[in-house]
Amino acid sequence: MYARIVVDVNAKRVDRLFDYEVPEQLKSVVQIGMRVVVPFGPRKRQGYIIELMDEAHEKELKSILHIQDMTPELNKELIALSEWMQTTHIAKRIAVLDIMLPRAVKGKYHKVYRLEEPEEISDELYTLFRKQQVRISSLSADDILKLKPYVESGVITEDIEVNQQQQVKTLKAVELCDINVEQALATLRSDKQKDCLLSLADEGRLTLKELKARDFSAAVVSGLEKKGLIRKIEIEAARDPFAHRTVHPDAKKVLLTEQQAAYNRIRQSIDDEEHRVFLLHGITGSGKTEVYLQTIADVLAQNKTALMLVPEIALTPQMVERFKARFGDEVAVMHSGLSIGERYDEWRKIRSGQARVSVGARSSVFAPFENLGIIIIDEEHEASYKQEDYPRYHARDVAFWRGSYHNCPVVLGSATPSLESYARAEKGVYELLTIQTRANQFPVPTVQVVNMRDELAAGNRSMFSAELTRAINDRIQKGEQIVLFLNRRGHAQFLLCRDCGHVPNCPNCDISLTYHKVTDELKCHYCGHKEYKPLTCPNCESEHIREMGVGTQKVEELIYQHFEGARVIRMDNDTTSRKGAHEQLLTKFKNQEANILLGTQMIAKGLDFPNITLVGVLNADTMLNLPDFRSSERTFQLLTQVAGRAGRADKEGHVIIQTYNPEHYAVQYAKNNDYAGFYKEEMTYRKIGKYPPYYYLVNLVFSHAEMKEVLLESKHIHQTLLQHLSPSSYVLGPAPCTIARINNQYRFQIIIKFKSEPALLEALTYLDDHYYDKFVKNKFSLSIDINPQMLM
DNA sequence: AGCACGCCGACT
DNA sequence: GTCGGCGTGCTC
């Protein structure tokens, strides 16, 4: 018996299967998908069992040393999926397997088995658990076989070995000693101490943080402690990120006509066990989520499982709560905020069948479900479904593959579908389901476009038009809430000399440096270069060197200057990077602790607060002017989405969009909430420009420290592509990239445009293989992006 | 990717 | 002589 194994070495040269003998004692335990340790050349390496062969191998083989898992981490489906991704994404097999699995099962983490109920097992097995837990590498195959049933029944639990100090977080708290509260109160003279004691008597124990929040200072606490009435303790922080909230069960809602029609079609596909793709086009507030929830409920009733994808930023606690409320413990949640251990917990819940629904961001498309009944991708147009670094996969493509494997429907939902998806729906490749009525019956907000050129002409040089200023003041006065949107974080974009026009650039990259006020530094976001802000222009020594382009930080200052009574919560990458910060800020806003929410992209989704009556887009042009063929589409989507934040409750919503391009079609169609109109017009431009969905794209980027070298080599590759591809495809370039140099590497790109190109994968694979050695030797790098999200 | 092997130069 | 530079080639 031998095994075919992918070895965990991230190199093109060993990106293939290696055969190893399965030693006699492991024959009964090895399974496809298990991780094993094998001798590889002069050293030992981890590997994945891809196939098991019963017959003997023609050659003498090395043997597997030991196994790493008691149950396989990968199932047959994921193995087949990784093979498909390897060929279609020009990626190494091991790199694909790596992104599919949670980090806990990679490299430096060891699995351990802990004995939970010692009385349940025999003395012989008991001796294995020296320190209550045991690493799998120290177990013989025989032991593993004997222990396995106990793992399945829960007498022994599987976990990953972690540094205890790091993993178990403790909070400092206090609790009452065993005392008679009334007697104690009588001895106290300070009212603060009495109040504090009463609070503790009510709630049992409180953390120091909570006490501080209730205005009990450390002096009060230590006073009580000295009197021996309370004592300090340490409590373990919750591992379940949602453990502290009480979830109220959520009953299913009655569907309106259009929702019902959409539901019926999807339900049919579930019942037929037929892989179909649906595009659910429903305006904001049309109740798409309720359709998802009810189809998922049906899938569960048929004893199948459901996979739900949402963009990371939409994965808010409110969203998760809604799923938990409907499906309870059957829901696994996967997002970037989880620790390695938490993520592994969720993954195992799915693998063991304990959770039959998952809600998660991009990478959760690999959730190890058996028997999938439906896959849903909400906000399917979101760019975050495409992984922007290697291996560059799109969750939508993976979802289609899995849907076809499981014979189940894939539902793409959006208020503003991507042009690619809508075009496919029009062609009949996907089935289009439309919801045009708002389920909540809220009125559609009024949208007003303000021409900032007119403002400038009228002498208003500020960030706020007269109209927006009036509206903000009005809402502040009425005690209503405002959301302001700005697509740029930080303080200022760059420095500009008013006298000579000089802009300080990064010495290593062809990009202007960004100004950070906190440190008073200029930074490069691409290579990390930092320098102090110059006092005079480095070029002409003029003192008129100014900050240009305003970020959220700066706007926050401006708001306080301009508006009396403004209380701002700022949400951007800088204020939400801490775990849980996102949620905290939203809760604060919900509790009316502020009247203005100022933020970037991330506030465009999932906010659903009744008191928001005004939404302002400070500058709609920042994304409109990006040099990318999708910039109009992005602008339209974002404006539509931002506008949807207003007017959700009984109060009328108002949206003000400030722009220097008021006549731009993306702005106009967004204003009129006219998806069909936008689609039609944008499609004509895509057709003329030979862009998706009329053509497919591949973006090849080359880089090297010498410009000559890149140019020469990329010309060579251009020739190779012309030879391999059919004459109907276009091979454009090589041309310098938008950012022509990053970290002192010159960058050139070649763009392939094609409608149908049978030789594409073959040609790209050839490039990847054939040029590989040359690239390694010459320090050349080549990146291949199939169906890129951006061409920059 | 690593790691060994091997073939040349400059040292105690 | 032999220590160590890194070009070349292999990993079941």
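We name chains A, B, ... by the order of the sequence lines, and we start the count at 1 in each one.
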Starting at atom [atom1] of [X], determine the distance to atom [atom2] of [N], rounded to an integer number of angstrom.
X: A:Arg4; N: C:dC12; atom1: CZ; atom2: C1'; answer: 10 Å
X: A:Arg93; N: C:dT11; atom1: CZ; atom2: P; answer: 21 Å
X: A:Phe40; N: B:dA1; atom1: CZ; atom2: P; answer: 13 Å
X: A:Glu51; N: C:dC12; atom1: CD; atom2: C1'; answer: 14 Å
X: A:Arg45; N: B:dC3; atom1: CZ; atom2: P; answer: 7 Å
X: A:Arg13; N: C:dC12; atom1: CZ; atom2: P; answer: 15 Å
X: A:Asp19; N: C:dT11; atom1: CG; atom2: C1'; answer: 13 Å
X: A:Asp8; N: B:dG2; atom1: CG; atom2: C1'; answer: 13 Å

(message) Working to the nearest 0.5 angstrom, can you tell me the gap between A:His529 NE2 and A:Leu522 CG?
(response) 8.0 Å
(request) Answer with yes or no whether the side chains of A:Asn744 and A:Asn508 bring together a donor and an acceptor at under 3.5 Å. (result) yes
(request) Taking atom types as modelled, find out whether A:Ser384 and A:Glu312 have a side-chain donor-acceptor pair closer than 3.5 angstrom. (result) no
(message) If you compare every side-chain N and O of A:Lys59 against the phosphate oxygens of C:dC12 (OP1, OP2), does one of them come in below 4.0 Å?
(response) no
(message) Heavy atoms only, 4.0 Å cut-off, all strands: where does A:Tyr20 land among base, sugar-phosphate and nothing?
(response) sugar-phosphate
Donor-acceptor list for residues 88-97 of chain A side chains, cut-off 3.5 Å, not counting sequence neighbours:
| residue | atom | partner | partner atom | Å |
| --- | --- | --- | --- | --- |
| A:Thr88 | OG1 | A:Trp84 | O | 2.8 |
| A:His89 | ND1 | A:Met85 | O | 3.4 |
| A:Lys92 | NZ | A:Asn10 | OD1 | 3.1 |
| A:Arg93 | NE | A:Ser82 | OG | 2.8 |
| A:Arg93 | NH2 | A:Ile79 | O | 3.2 |
| A:Arg93 | NH2 | A:Ser82 | OG | 3.4 |

